Every structure is written in C-alpha cells, then in structure tokens.
2 protein chains.
Amino acid sequence: MASRSGRVTATDVAREAGVSQTTVSYVLNDAPHQKISESTRRKVLDAVAKLGYQPSAAARALRLGRSELVLMLLPDVPVGDSLATLVELLGDELERHRLSLITRRTQHAPVSSLWRELMPAAVLTSLGVSAEDMAGMRAAGIPVVSVEIDAATHPLGLPIHQTLIGRMQVERLAATGHTRIGYAAPRQPRLRDFLEPRLAGVRAACAELGLEAPAVLDVPLDAAAAAAAADQWHSAVPAVTGVCAYNDETAFALLAGMRRVGLSAPGDLAVIGVDNDKLAPFAVPPLTTIDNNLDILAGRVARLIVGSIADDTVSAAPQSVPVSLVVRESA
Amino acid sequence: MASRSGRVTATDVAREAGVSQTTVSYVLNDAPHQKISESTRRKVLDAVAKLGYQPSAAARALRLGRSELVLMLLPDVPVGDSLATLVELLGDELERHRLSLITRRTQHAPVSSLWRELMPAAVLTSLGVSAEDMAGMRAAGIPVVSVEIDAATHPLGLPIHQTLIGRMQVERLAATGHTRIGYAAPRQPRLRDFLEPRLAGVRAACAELGLEAPAVLDVPLDAAAAAAAADQWHSAVPAVTGVCAYNDETAFALLAGMRRVGLSAPGDLAVIGVDNDKLAPFAVPPLTTIDNNLDILAGRVARLIVGSIADDTVSAAPQSVPVSLVVRESA
DNA sequence: CTCCCTCACTGTTACGATTCAGTTAGGCTC
DNA sequence: GAGCCTAACTGAATCGTAACAGTGAGGGAG
C-alpha cells in the first residue's frame, strides 16, 4: 500500500480512497471554498483511518513556510519551580492546539538563526530580544508574544506586574504592623531584570505608606550567608522586622539562616516570599507568599499565541495577570 | 537578492557566489567524497555571511526524512524539581549538537501520531511506550533511548538504579542504628512505576540486613495527613524510627507533619529523601537525601542520543548512573 | 438548442534542501 | 595525438503537502 518508502503519504490515502491527492488535502484541512460531497469525505477519512495516515510536519512546514513549533526564549537563568511550572503548563496548553513548545536560552545562540531556521508559528519571549530580531520576525510574519516585565516596550505583551508583586509584599507586612522593611535579593546578576521591578514596587509601596526605604541585602542560597543577613537586619537600629524575599527559594534560605542565629518568623522577622512554591506550605513556619497564578498566565499566553497565529492580527490589549496573596504563618 | 519571497535560500547564495546550488549544499555540509576548491569554498561562505543565509529546517527534514528534534516522552506526572532539572540540562546539552528538545506527556496524545508527524532524530522515553510503537520507531530508523526503570526490557537504556536508591536509603538508616524502617509513599497513582522499584530496593535491603519489612504508609503533600502517618509510625510497637521518603517533596511534607505532632528528626524519626532538591539544605532539619546526579545523567543521555543518531548503531552497553548519598541532619 | 453557471473534483507546480548521475576542462600516459 | 583519468563542478530528481488553475458533468435560463 505505502509507496516504496515506509511512510504512508497523502497520495497513498488518495489511491486507497480512489480520489486525487488534492482532494485528500482538502478534506483533511476542511478547506474553505471547496465543496466536497459527504460520500467522498467519508471515503477519504476511512482510508486515513485504515492506513493510519499521519501528515508530515516537515512537508507541511516547508509548504506553508511556517512550522507548528512555538519558540520560547528564556533568560539565561536557572529555572526555578515557577518557571518550570509555566513551561509545563504552557506546553500542555499549546499541545491542545497541535503546537509544540521548544525552549531555548537566549544566551547560547544568536536568536536570529533560531527563528530563521525553525520558522516557528510564534515566538514567546520574556526579555532581551534585540530590536533587529523583533523587526525581522515581524517582517517574516511571526507573531511575537512577550511575557512582560515592562509592558510599555513590547506591543503584544502580557504583563506580569512585577512591581505589583513587590507592592503587595510590603502591604502585607505593613498590615501586620511592620514599619521597617528589608529586601532579600538573590545573588545571581542574571536575575536583575526580574529583581529590579519587584524592588521598585517595594520601594514605591514603602514611600506611599510613609515607611523608611527598604534595607536591601544579598541573601544567597546558603544558610550561613543568609544567617549573616538576618542578623544584620535584626540588629539594625531601628530593627528591620519584616523582609520581602525575592522569591520563595530566597525565603527558604533566609528562614534557614534565621534559625542559625536563633531568630524565628514571624516574631523576630516576618518573611514573605514570591511564587507559592510547591514546598512553601512545608517551610518552618509555613511561608506566606505571593502567588503569580501561572496557571492563569499560561492559559492566557496560550490563547494569545493561538489567536495571533489564526487571526494574524494583534489581539485585544492584554490584561495584566492577577496576583494573589497567600497567607500562611511566616508573615 | 532574495527571490520573490522574503527568505534567503541556498539558490540565492549560489547566485551571489556564482556557483550552482548543488555546490553551496556541498560546501555547507562538508560533503564527503566531493572535491571543492578553496576559492569556491571561500566564495560560498562569503555569500552565506553576506546574505545572512540560514538553512530551512523544514526543507532539510523533508529531504532527509528526519528532523532535528528530540522527542522526550514524559510520564503523566507533575514535574518536580529533579525532572525539570533533567529536562533543562538535557535541552542545553542537545542544543550544543543543534538538536531541539520537545517534551510531551505520554497520556495526552497517542505516541505514534507524535513520532510519525515529527520524524524526530531520536526519542527519549522513560516509561510506558507500547511495544508496537517501539517496533514502529525501530522500523522507521528512529533511535529510542530509554532512561530506565528496568534496564532489562529496553535495549538502548540508561538505567537509573531505582532499586539502588531504595537500597541506599535503608543502608543509611541502618548505619545510624535504625532497625524498624518505614516507607513514605506519595499518593499519586501515576508515580507507581517509579515507586515500585524504589520500594523493592528498600524491601530487599531490609531483608538482607535482617530487618523487618518496611512499614509503608501514604504520605500525601499535605501536612495534616502527613502528621497522621508520622504518628502511626511513632506509636507502632515496635516503633518505626527511620523513614525512607519517596522523594524530597514527600520528605518535606513528612517533616511538616511530624512537627505538628511534636516529633522531630532525626531523634524521634529519621527521614531520608531522594532527589537532592534545591531546597533540601533548608529543610528543618536539613534533609539527608540521595542525589541521583541528573547532571551526569543528562550528559550521558545526550551523548547516547547524539551517538545513536550519528552511528546508527547501538552504542556500548550503557553504564548505570552513579547515585550518591548526601548526608545532612535529618538521618 | 445554446449558453452559462455551479458543483465536485483533478493536474500540476512550488516550497528549499540533499544527492545521484552526469559533464567539462585539463593533465598524464604510451 | 588518441585514450583515459581525475578534479571540480552542475542538472535534475526527490521528499510530502498545499493550493492555484483548470475541467467535465449536469442543470437552469432564454
């Protein structure tokens, strides 16, 4: 049945169904403006089922000039629980639309060679794509969706309000009576692009609430170093009594450091994280944190991508993704 | 310069360099058995650089009958820190060989439609691919690498000795004086395929060391439920004094549960996890665990894949990946 | 009866790369 | 100087799909 090669092609299906290959293509693609009789359609679909025909992604991509891949460009940062979750959810969501998600670190290869080579159906970026690449992709008709830090710079962006996250951290601490706020920053310089807007939010909230500016300290993922930071906050005059951590990992490290120097949360130092890590409920004490609701974000991003592939028009102005406070015991 | 369409093709390069398109292809692929003069080679490469030519992955895939994608089939399980890390490391490693990693949940789509559609350069599987699919892929010349549970059933497998992991957990507990062992199993039924060999290792080690069979209890990711399990172990007669957790997440939940009922590790109940999660050092007390060295595994898997694509022959019998004990304080 | 229109298809080309099977031009041998 | 060989190329077929541009049959209008 199958031609000389092993593969079952649309031509094989056509032969089996007694129609032309063109007709097979029309049936399978529900081609608009083409009248196909019900009997023919049935014959084709039966032949497809019988032969187990599966269209070749490569041939389709060559013909259409675009593949069914979605390229996600990641900042060159170790993925934490939250980013991994986003990638996972997004992959599942896109899969429902027959799209495959490919992730690449921005750093490793020039971005242009990637998209020119893969002809992705869409590109998903969070940061650091050059203006030329943006222009090139636009010229090639590739929709670019950015999960944003700064919604202003990118047209088709889905903002995560990083500043809002920082704001909410401070508001929680202020609401529980803390007036002198600390900020636990991770050491990795690569995270700075995420760190800065969050910290800006913290600063802004402090200013608005009439609090002193936050005392920023590095808290690396190391209990001993974190202990030093905890001690420094605690023994400051006036003492820092509430700390916003960059994320839950940093918060875990800080809590471990505090334990070393005999401090406990929230009594000596209240701690609030970001991400709602899977392990956050098991921290000592259970970690109060900000959930950025990546499941919702993933759904929206997927819809935005699918929409911009189909319509070829920019969808409605993207809404900011909700962010919620998860109160446990650490703050 | 570029033909009517936007894309720069090999034909454009050929025109620019004043040679045939065939020659361009030979130069770019370093075609063996083809003599290309140095001057021609230079002309072609100059034209490539000048035009910014990037070969079309789709066209190449169509011609060669195989793409540059590596398909990783995942069991339908929420990805934890360790699996996410493996995926990340593997992606980076494969990227160095111009391969792109695509992950898919086994459950969602029939596997056959996936590989027939994508024509991947290789398939990476850990579990649950049907015999027909295996045969089909073999027939299509797609190398299948399995990161193994059971090295016996798959020919080109890279075994992670899950049983060895269980064994090492028990050995650690026995070495620190524990004689009555518990096993903290996750609730998700999907994890059973990983759970069973680990538990088998635990059972075997207990038997060999002359200990009673392990007391297996469900420990879901919920502190209250984990507390019940902890209490049950502690109040058994004779009491269970050391628990092997399925993984670090389960261990975190168990430690949280113990805290609720006033038990502490390792005094009342020693706890040992698996995975060496990023947060394991920050557990209370810091979590003793088994590191399955996924970075090493990722490197080996990548090499195995690249090797089997290139040689088309099965590489040397794969060695089992080292597994190591990380001693902290919980056991 | 002729003309035209619609329905339901089919023939053929193009997408961009790889590669088999030639085809020159020049040098060497006898 | 005829014959042969090799180096250094080029022409054309091919992979599987999509879709443009027909094509014949049947029916209705005039």
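Nothing here was measured: the structure is a model prediction, and the numbers come from that model. So that the names make sense, note that chain A is the first sequence line, chain B the second, and so on, each numbered from 1.
Side-chain polar atoms of B:Arg104 and A:Ser100 form a donor-acceptor pair below 3.5 angstrom. Side-chain contact check for B:Thr22 and B:Ser25: no donor-acceptor pair (N or O, by modelled atom type) lies under 3.5 Å. No hydrogens or angles considered: nothing links the side chains of A:Thr85 and A:Ser82 as a donor-acceptor pair under 3.5 Å.
The base of C:dG11 lies outside donor-acceptor range of the side chain of A:Ser20, with no N or O pair under 3.5 Å. Not a single donor-acceptor pair, N or O on each side, falls under 3.5 Å between the base of C:dG16 and the side chain of B:Thr11.
Distance B:Arg7 CZ to C:dA14 P: 18 Å, rounded to the nearest Å. Atom CZ of B:Arg66 and atom C1' of D:dC15 are 14 Å apart (whole Å). In this entry the distance linking CD of B:Gln21 with C1' of C:dT19 reads 10 Å, nearest Å. In this structure, A:Glu68 atom CD and D:dT17 atom P are separated by 12 Å, rounded to whole Å. One interatomic measurement links the two molecules: CZ of A:Arg15 to C1' of D:dG16, which rounds to 13 Å at whole-angstrom precision. Straight-line distance from the CD atom of A:Glu117 to the C1' atom of C:dG16: 13 Å, rounded to whole Å. For B:Arg116 and D:dG16, the CZ to P distance is 14 Å, given to the nearest whole Å. With rounding to whole Å, A:Arg63 atom CZ is found 16 Å from C:dA17 atom P.
For the segment residues 24-41 of chain A, residues with any heavy atom less than 4.0 angstrom from an atom of DNA chain D are, sorted by number, A:Ser25, A:Tyr26, A:Asn29. Scanning residues 53-60 of chain A for heavy-atom distances under 4.0 Å to DNA chain D yields A:Tyr53, A:Pro55, A:Ser56, A:Ala59, A:Arg60.
Distances shown here put a side-chain N or O of A:Thr23 below 4.0 Å from the OP1 or OP2 atom of C:dT10. Regarding contacts with the backbone of C:dG16, every side-chain N or O of B:Thr9 stays at 4.0 angstrom or more from both OP1 and OP2.
Using a cutoff of 4.0 Å between basic side-chain nitrogens and carboxylate oxygens, B:Arg60 and B:Glu68 are scored as salt-bridged. For the pair A:Arg41 and A:Asp30, the salt-bridge criterion is met [side-chain N within less than 4.0 Å of a carboxylate O]. Comment: B:Glu117 engages A:Arg98 in a salt bridge, judged by a side-chain N to carboxylate O separation of less than 4.0 angstrom.
Between B:Leu28 and B:Val48 there is a side-chain heavy-atom pair separated by less than 4.5 Å. Taking the side chain as every heavy atom from C-beta outward, A:Asn292 and A:Leu297 never approach each other to under 4.5 Å.
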Point to revise | Steps toward side chain to side chain contact (heavy atoms under 4.5 Å, CB included) verdict (A:Gln21, A:Arg15) | key: CA-CA 8 Å; A:Gln21 185 265 325; A:Arg15 192 180 311 119; over 6 Å; no
